[in-house]
Amino acid sequence: MSFGKIVSLNTGASLRQIGLGTWLSKPKEVENAVEIAVRNGYRHLDLAMIYENQDEVGAALKKVIPSVVKREDLFMTSKCWNSSHQPDQVEKELDETLKQLGVDYLDLYLIHWPVAFTPGKGFYPPHPTAENEVEIDTKTTLVDTWKAMLALPKSKVKAVGVSNFTIEHLEGIIKATGVVPAANQIEAHPLLPQDDLVVYCKEKGIHITAYSPLGNNLIGKPKLTDDPTVISVAKKLNATPAQVLVAWGAYRGYSVIPKSVQEERIISNFQQVELSKEDYEAITSLGKNGHVRYNIPYTYSPKWSINIFNEEVEKGATYSVNIA
């Protein structure tokens, strides 16, 4: 086992291939998890305003900078939330993120979703005429937001990118500005390989970071970590099923950000194992009977009535993504 390969962005910046995800971590758990992770070698942290735990991450950073690690040795990603897509809001939210974290800059800042919400009414502004639905800002385009991201001071943000973008969304912002995002963070696991998007991003030099690399159990399906094929490969490599699923993403060139708050799992997830081509193909075959996308905002409560991915379940959405 090795402790994390290095991958690069199109900006020339480098980051550890395995990072710590903080999505869905409960209050009071994140501070401890981040401290454990950094003390055990993690140097890549994935954060976001909407996770509502960046202040706890900041508290952890105070415990490890500079005693354990220098700020410049950490690679920190955060994300601009939907309610701050308007060009006059983008830098304001970035400033709030920096304040919460207690740092002067981010290594990577992403547009979290290709969806703008009406600003000024909280993270999930209620739709005035629809029950349990978020109010979508139909005027602010992805290009508007991307231009605002590009205008952010380099002293505050080393690189900018996107998250949950499809090929169509990426094409739109690149065509309008000529600037290719440094990264696209997407849901990626053996049941959602997104091969066309992966090929497109490789051609354009867009780094992919995979979230939910272990899948999840949001819709009552069996967990990927319980799959017999995954367990078989894990036994063969003397590894955990989670390590095998992280290794599958790493084999494809992604950086991978498994989330955990348990010390044993935080440490084991970071211990990178190598898949042979045969093992990689065995894991890949799990998705041959149709993909499973777990994270679709149209199914959230409150609902976002917008078609982002063209999944069957999104066909009833009121809006489509406003690219330009």
Side-chain angles (χ1 to χ4, degrees), residues 23-24 46-52 77-94 96-97 108-150 152 160-177 181 183-188 192 194 197 201 206 208-209 211-212 218 293-324:
W23 181 38
L24 296 180
D46 185 75
L47 322 163
M49 176 64 78
I50 193 60
Y51 302 165
E52 297 187 82
T77 300
S78 190
K79 311 177 193 76
C80 179
W81 184 242
N82 308 345
S83 51
S84 294
H85 272 217
Q86 299 69 23
D88 64 342
Q89 298 298 313
V90 171
E91 190 171 356
K92 288 179 185 175
E93 182 166 303
L94 169 63
E96 179 59 28
T97 278
L108 180 62
Y109 197 44
L110 309 178
I111 301 175
H112 202 152
W113 285 94
V115 182
F117 290 168
T118 305
K121 298 181 188 173
F123 285 140
Y124 297 97
H127 195 298
T129 58
E131 192 176 342
N132 199 29
E133 197 174 294
V134 180
E135 186 174 21
I136 307 288
D137 172 1
T138 58
K139 294 188 177 67
T140 302
T141 68
L142 288 189
V143 170
D144 293 335
T145 309
W146 182 235
K147 285 179 176 176
M149 295 283 283
L150 296 175
L152 291 169
V160 290
V162 298
S163 180
N164 297 299
F165 273 44
T166 66
I167 293 173
E168 184 185 9
H169 306 148
L170 290 165
E171 293 251 272
I173 62 171
I174 294 169
K175 187 177 175 186
T177 63
N184 185 17
Q185 186 175 128
I186 58 172
E187 179 184 344
L192 190 69
Q194 307 210 64
L197 180 57
C201 287
I206 302 170
I208 287 178
T209 298
Y211 73 79
S212 297
L218 289 180
R293 186 187 296 276
Y294 294 100
N295 196 17
I296 303 174
Y298 185 72
T299 65
Y300 289 1
S301 180
K303 178 170 70 178
W304 311 4
S305 192
I306 186 164
N307 184 340
I308 299 172
F309 303 115
N310 283 321
E311 295 283 350
E312 192 62 37
V313 73
E314 297 175 294
K315 295 294 165 67
T318 308
Y319 303 108
S320 54
V321 172
N322 189 2
I323 298 174

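- Counting only N and O atoms by type, the side chains of Asn295 and Tyr300 include a donor and acceptor under 3.5 Å apart.
- When all heavy atoms of Pro181 and Ile173 are compared, the closest pair comes out as CG-CD1, 3.8 Å.
- Put simply, CH2 on Trp304 and CD on Glu314 are 11.0 Å apart, with the number rounded to the nearest 0.5 Å.
- Counting only N and O atoms by type, the side chains of Ser301 and Asn132 include a donor and acceptor under 3.5 Å apart.
- Heavy atoms only, all atoms of each residue included: Lys79 and Glu93 are closest at O-OE2, 3.6 Å.
- Under the 3.5 Å distance criterion, the side-chain polar atoms of Ser163 are matched with a main-chain donor or acceptor of Gln185.
- Here the OH atom belonging to Tyr294 is positioned 9.5 Å from the CG atom belonging to Leu192, to the nearest 0.5 angstrom.
- Here Thr318 contributes atom OG1 and Ile306 contributes atom CD1; the two are 9.5 Å apart, rounded to the nearest 0.5 Å.
- A pairwise comparison of heavy atoms in Thr140 and Gln86 identifies OG1-CG, 3.6 Å as the closest pair.
- Atom CG of residue Asp137 and atom CG of residue Asn82 lie 10.5 Å apart, to the nearest 0.5 angstrom.
- Considering only heavy atoms from C-beta on, Leu152 comes within 4.5 Å of Tyr109 through its side chain.
- To the nearest 0.5 Å, atoms CD1 (Ile167) and CD1 (Ile206) are separated by 9.5 Å.
- The closest side-chain heavy-atom distance from Val90 to Thr145 is below 4.5 Å.
- Summarising the geometry of Ile186 relative to Leu197, their closest heavy-atom pair is CD1-CD2, 3.9 Å, with the distance given to 0.1 Å.
- Under a 3.5 Å cut-off, the side chain of Gln194 and the backbone N or O of Glu187 do form a donor-acceptor pair.
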For residues 114-127, dump all side-chain donor-acceptor pairs below 3.5 Å to protein atoms at least two apart in sequence or in another chain.
from: Lys121; atom 1: NZ; to: Glu135; atom 2: OE1; distance (Å): 3.0
from: His127; atom 1: ND1; to: Thr129; atom 2: N; distance (Å): 3.1
from: His127; atom 1: ND1; to: Thr129; atom 2: OG1; distance (Å): 3.2
from: His127; atom 1: ND1; to: Ala130; atom 2: N; distance (Å): 3.4

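- Using a 4.5 Å heavy-atom threshold, the side chains of Trp113 and Pro297 count as touching.
- The line from OG of Ser84 to CD1 of Ile50 is 9.5 Å long, rounded to the nearest 0.5 Å.
- Side-chain contact between Tyr211 and Asn164 is present, with at least one heavy-atom pair separated by less than 4.5 Å.
- Under the 4.5 Å side-chain criterion, counting only non-hydrogen atoms from C-beta, Tyr298 is not in contact with Asn307.
- Glu311 meets the salt bridge (charged side-chain N to carboxylate O under 4.0 Å, His left out) test with Arg293; sequence neighbours excluded.
- More than 12 heavy atoms of other residues, nucleotides or ligands shown are found within 6.0 angstrom of NZ on Lys315.
- Val313 approaches Thr299 most closely through the heavy-atom pair CG2-CG2, 4.0 Å.
- Taking the side chain as every heavy atom from C-beta outward, Ile308 and His169 approach each other to under 4.5 Å.
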Working note: Val162 + Trp146, criterion side-chain contact (heavy atoms from CB on, under 4.5 Å); need CA distance, chi angles, decisive distance, verdict. CA-CA 9 Å; Val162 298; Trp146 182 235; 4.2 Å; yes
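- Side chains of Val160 and Leu150 form a contact here, defined as non-hydrogen atoms less than 4.5 Å apart.
- Side-chain contact annotation: Asn310 with Glu168, donor-acceptor N/O pair under 3.5 Å absent.
- Contact of the Asn184 side chain with the Leu170 side chain is registered, since non-hydrogen atoms from C-beta on lie closer than 4.5 Å.
- Closest non-hydrogen pair, His85 versus Cys80, comes out as NE2-O, 4.3 Å.
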